[in-house]
Amino acid sequence: MRIEDHIVVPLDQTFDARYGLEYLEPTRARVTVTPAVLGADGTVQSGVYAAMAESIASTGTAVEVLPNGFIASGLNNSTHVVGAVREGALEAVATCRARGETEWLWDVEIGPPGGPVSAIATVAIAVRPKRV
Ligand SMILES: CC(C)(COP(=O)(O)OP(=O)(O)OC[C@H]1O[C@@H](n2cnc3c(N)ncnc32)[C@H](O)[C@@H]1OP(=O)(O)O)[C@@H](O)C(=O)NCCC(=O)NCCSC(=O)Cc1ccccc1
């Protein structure tokens with residue numbers, strides 16, 4: 001299966017597009033910090049970190065398993081926010097720690113490019129045979 005065949009919603013209409021996720025690679029992406037990603041206290045909303053981690057872990061899995069007839073689906077996401085960000089940009093990088101037959105486990109680090117880590121996530125992505 002080609003990656004394009006798995007796209008149901010046009011990419012510019014997805015949740016990722018709404019908060020401004022830009023892919024640099026399947027496992028690396030950026031978000032520019034605008035008011036749209038801030039909470040009322042002026043810091044990046046924790047869900048933005050969780051969403052970034054979920055998306056790049058899912059995409060990192062999908063690009064490898066979809067061509068082999070499997071689907072990738074977000075199963076668990078544990079995101080710890082360890083530093084507040086108010087402006088600039090965020091970059092997320094995902095590293096696959098385990099490629100199980102039915103579940104891939106990813107570590108994701110997120111923070112200002114070249115700056116300290118502001119969030120650390122562990123994301124589990126289910127891998128299942130594609131149903132016809
Ligand atoms: C697949 C699994 C994670 C685990 O399933 P199992 O433990 O094996 O469970 P079980 O066999 O008991 O089946 C139970 C149900 O599971 C589904 N299902 C199972 N196998 C398949 C299959 N082969 N194909 C298709 N569906 C399958 C099916 O509904 C089935 O019900 P049914 O039997 O039809 O009545 C399931 O819990 C699930 O789909 N959860 C929701 C995950 C979800 O929505 N995540 C968030 C969105 S992803 C995201 O955001 C990431 C992203 C971000 C940005 C960009 C791109 C991506």
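Note that ligands are numbered from 1 as they come in the structure, with each ligand's atoms numbered from 1 the same way. Predicted, not measured: the structure shown is a model, and the values here were computed from it. Counting begins at 1 with the first residue of the sequence. The analysis underlying the following values was restricted to heavy atoms, covering all of them including side chains, and did not include hydrogens, waters or symmetry mates.
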**Complete:** Within 4.0 Å of some non-hydrogen atom of L75, the atoms of ligand 1 are 3 (C)
**Prompt:** Among R128, M52, R131, whose heavy atom sits nearest atom 27 (C) of ligand 1?
**Reply:** R131
**Asked** For T14, what residues pass the side-chain contact (heavy atoms from CB on, under 4.5 Å) criterion, not counting sequence neighbours?
**Response** V9, D16, A17
**Asked** Are any of the side-chain heavy atoms of F15 and L21 separated by less than 4.5 Å?
**Response** no
**Message:** Once you restrict to heavy atoms under 4.0 Å, what part of A72 touches ligand 1? Side chain, backbone, both or neither.
**Reply:** neither
**Message:** When you measure from atom 37 (O) of ligand 1 to the protein, is at least one non-hydrogen atom found at a distance under 4.0 Å?
**Reply:** no
**Item:** Proximity to ligand 1 by part of I71, non-hydrogen separation under 4.0 Å
**Value:** side chain
**Message:** Strictly less than 4.0 Å: does any protein heavy-atom distance to atom 23 (N) of ligand 1 fall in that range?
**Reply:** yes
**Prompt:** Given the protein's heavy atoms, is any one of them under 4.0 Å from atom 9 (O) of ligand 1?
**Reply:** no
**Asked** For atom 47 (C) of ligand 1, is some protein heavy-atom partner under 4.0 Å away?
**Response** no
**Asked** By salt bridge (Lys or Arg N to Asp or Glu O under 4.0 Å), which residues pair with E109, not counting sequence neighbours?
**Response** none
**Shortest heavy-atom approach to atom 2 (C) of ligand 1 - which of A126, S58, A53** = A126
**Asked** Given the protein's heavy atoms, is any one of them under 4.0 Å from atom 29 (O) of ligand 1?
**Response** no
